[in-house]
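Notes for the one structure printed next.
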Amino acid sequence: MPELPEVEVVKQGLTPHLLGQSIRQIITSEKPLRFPIDRNHFNTTLQSKTIITIERRAKYLLIHFNDQHVLICHLGMTGQFHILPQTAPTLSHEHVRIDFHQGQSIRYRDPRRFGFMLLTTSAQLPQHPRLIHLGPEPFSAHFTPRYLEEISIKSHKAIKTLMMEQTVVVGIGNIYASESLFHSNISPLRKANTLLPDEIEKLIQAIQKILHDAIEAGGSSISDFVKADGQPGYFSHQFRVYGRENSPCYQCQSTIERITQLGRSTFFCPSCQQ
DNA sequence: ACGTGTACCTGCACGC
DNA sequence: TGCGTGCAGGTACACG
């Protein structure tokens, strides 16, 4: 999925199309997403409700309605939204279609079906089981060197594993973990509890810079990621290590390596990152 | 309790 | 061309 930058770009792309729209009907495919959608419940609850705000929390999109209901959306690995006229043909792997009274529709397409949509209320949102365990946003005042130090000092895990845990800090996935570690010259294999204070500080700054730059660039153009208007983003042109196995490091010409950590690929420069 | 492996699902790129 | 294999941005759960 989309990691934090991609979800943020999707939010920004969708917002002008969705604010003020009121729901006519919701149509779902037969195949379930990660969690099956109760179509009748969705329709009964959201019929004629109006979208008033869209926010992002971690990698979740939260669509708020005028009656305090909230639609929690997660894009999984391959989720996409498209804004199309209701008359447009059904997309391949289209699993949810929300028609608005104004004639447009939003289509949720997700080939691997790892994404999901859940309905809740704004009152229940803070306690929602999907959100309650989330750590701080990487740009928030809570994500400080002191905070990360307290967590890492107690952890025997590799730093790359730790920084991808959404209970520690939200929004960092497999791509931006590798990119942030390269930018801070820290090996992904380092145990979290061996990081020095200045390395932790450097890592936080790298995470914030990488995520910020990716949002600016419109998210990464991995094939499954499409912005709300259907156009791919361009941050992947700026990847320093991700997907660059056996290619020369841009800084030192050493060969970029790919290793596996917890079943996921990690890319790094064994010379620049210690 | 914690850390790791694996399942969930489809498409695509690659080598033979 | 066709088939098998491995890999893909996510999370949740079952193990040891």
Side-chain angles (χ1 to χ4, degrees), chain A residues 1-11 29-37 56-61 72-81 91-96 108-118 128-135 138 151-181 188-193 207 210-211 214-215 217-227 232-239 241-246 257-267:
Chain A
M1 142 186 121
E3 302 181 31
L4 184 149
E6 290 75 27
V7 180
E8 179 63 29
V9 170
V10 167
K11 188 205 87 171
S29 73
E30 293 310 312
K31 291 188 174 179
L33 296 174
R34 174 177 283 277
F35 310 117
I37 291 175
R56 180 194 57 73
R57 168 72 174 116
K59 301 174 191 173
Y60 294 90
L61 279 180
I72 303 175
C73 305
H74 195 290
L75 300 170
M77 297 265 258
T78 53
Q80 305 170 348
F81 283 109
L91 304 169
S92 59
H93 305 289
E94 180 182 307
H95 296 295
V96 182
Y108 178 69
R109 140 167 225 277
D110 188 352
R112 290 173 76 178
R113 290 189 279 125
F114 288 169
F116 57 86
M117 292 190 194
L118 298 167
H128 194 282
R130 295 270 88 72
L131 305 179
I132 193 168
H133 299 297
L134 292 175
I151 290 179
S152 36
I153 208 155
K154 292 180 289 194
S155 172
H156 306 285
K157 295 173 184 171
I159 183 60
K160 192 242 187 180
T161 303
L162 189 75
M163 63 194 283
M164 285 175 64
E165 284 182 16
Q166 304 302 299
T167 51
V168 173
V169 58
V170 302
I172 302 171
N174 204 37
I175 290 180
Y176 297 113
S178 282
E179 292 296 314
S180 301
L181 285 166
L189 293 163
R190 285 273 295 281
K191 299 297 177 199
N193 60 8
I207 287 169
I210 294 288
L211 295 180
I215 293 169
S220 301
S221 69
I222 293 284
S223 61
D224 280 322
F225 169 60
V226 178
K227 287 198 289 187
Y234 295 100
F235 186 73
S236 67
H237 300 319
Q238 298 175 38
F239 289 165
V241 286
Y242 188 84
R244 298 197 62 248
E245 182 185 13
N246 295 330
E257 288 184 13
R258 179 171 78 90
I259 58 172
T260 300
Q261 292 179 292
L262 285 192
R264 316 295 303 276
S265 287
T266 301
F267 298 87

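Note on naming: letters A, B, ... go to the chains in the order of the sequence lines (proteins, then strands), and numbering restarts at 1 for each one.
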**Request:** Would you sort out whether I159(A) and L181(A) count as a side chain to side chain contact (heavy atoms under 4.5 Å, CB included), showing the intermediate values?
**Result:** CA-CA 9 Å; I159(A) 183 60; L181(A) 285 166; 3.9 Å; yes
**Message:** With salt bridge (charged side-chain N to carboxylate O under 4.0 Å, His left out) as the rule and sequence neighbours excluded, what pairs involving residues 160-181 of chain A come up?
**Reply:** K157(A)-E165(A)
**Complete:** Closest heavy-atom pair, P111(A) versus R109(A), reported as atoms and distance to 0.1 Å, is CG-NH2, 4.0 Å
**Message:** Can you work out whether S155(A) or G263(A) has the more 5'-proximal nearest nucleotide on DNA chain B?
**Reply:** S155(A)
**Opening and closing nucleotides of DNA chain B in contact with chain A, under 4.0 Å to non-hydrogen atoms** = dG3(B) to dG11(B)
Given 3.5 Å as the limit, does a donor-acceptor pair link the side chain of [X] with the main chain of [Y], or not?
X	Y	value
E6(A)	A214(A)	no
R56(A)	A58(A)	yes
E257(A)	E245(A)	no

**Request:** Look at the rings of H95(A) and H93(A) and say which category their plane angle falls in: under 30° parallel, 30 to 60° tilted, over 60° perpendicular.
**Result:** tilted
**Asked** Which of parallel (below 30°), tilted (30 to 60°) and perpendicular (above 60°) describes F81(A) and Y108(A)?
**Response** tilted
**Asked** So with a 6.0 Å cut-off around CG of L91(A), is the heavy-atom count from everything else above 12?
**Response** yes
**Message:** Let's test your reading of the model: under 3.5 Å, does the base of dA8(C) pair with the side chain of R264(A) as donor and acceptor?
**Reply:** no
In whole Å, what is the span from the [atom1] atom of [X] to the [atom2] atom of [N]?
X	N	atom1	atom2	value
M117(A)	dG10(C)	CE	C1'	15 Å
L4(A)	dG10(C)	CG	C1'	14 Å
I175(A)	dA8(C)	CD1	C1'	9 Å
E165(A)	dG10(C)	CD	C1'	14 Å
L33(A)	dG10(C)	CG	P	18 Å

Expected rows: protein N/O vs nucleotides 12-15 of chain C N/O, under 3.5 Å:
unit_1: dA12(C); atom_1: OP1; unit_2: R130(A); atom_2: NE; d: 2.6
unit_1: dA12(C); atom_1: OP1; unit_2: R130(A); atom_2: NH2; d: 2.9

**Request:** Test I151(A) against L162(A) for side chain to side chain contact (heavy atoms under 4.5 Å, CB included), laying out the working first.
**Result:** CA-CA 9 Å; I151(A) 290 179; L162(A) 189 75; 4.1 Å; yes
**Request:** Map every base of DNA chain C to its dot-bracket character, where paired means a Watson-Crick or G-U wobble contact with both distances under 3.5 Å and | marks a partner outside the strand.
**Result:** .|||||||.|||||||
**Within-4.5 Å side-chain heavy-atom neighbours: L134(A) and Y60(A)** = yes
**Item:** Partner residues of F114(A) under the ring pair (Phe, Tyr, Trp, His ring centres under 6.0 Å) criterion, sequence neighbours left out
**Value:** none
**Request:** Check step by step if side chain to side chain contact (heavy atoms under 4.5 Å, CB included) holds for M163(A) and I207(A).
**Result:** CA-CA 10 Å; M163(A) 63 194 283; I207(A) 287 169; 4.0 Å; yes
**Request:** Rounded to whole angstrom, note down the C1' distance from dC12(B) over to dT11(C).
**Result:** 23 Å
**Prompt:** Between T78(A) and R112(A), does a side-chain hydrogen bond (donor to acceptor under 3.5 Å, both in side chains) hold up when you go through it step by step?
**Reply:** CA-CA 6 Å; T78(A) 53; R112(A) 290 173 76 178; 5.5 Å; no
Polar pairs (N or O, both sides) under 3.5 Å between protein and nucleotides 3-6 of chain C?
none

**Request:** Could you tell me whether T161(A) contacts a base, only the sugar-phosphate backbone, or nothing, with contacts defined as non-hydrogen atoms closer than 4.0 Å?
**Result:** nothing
**Request:** Check whether any side-chain nitrogen or oxygen of S265(A) sits under 4.0 Å from OP1 or OP2 of dA8(C), and answer yes or no.
**Result:** yes
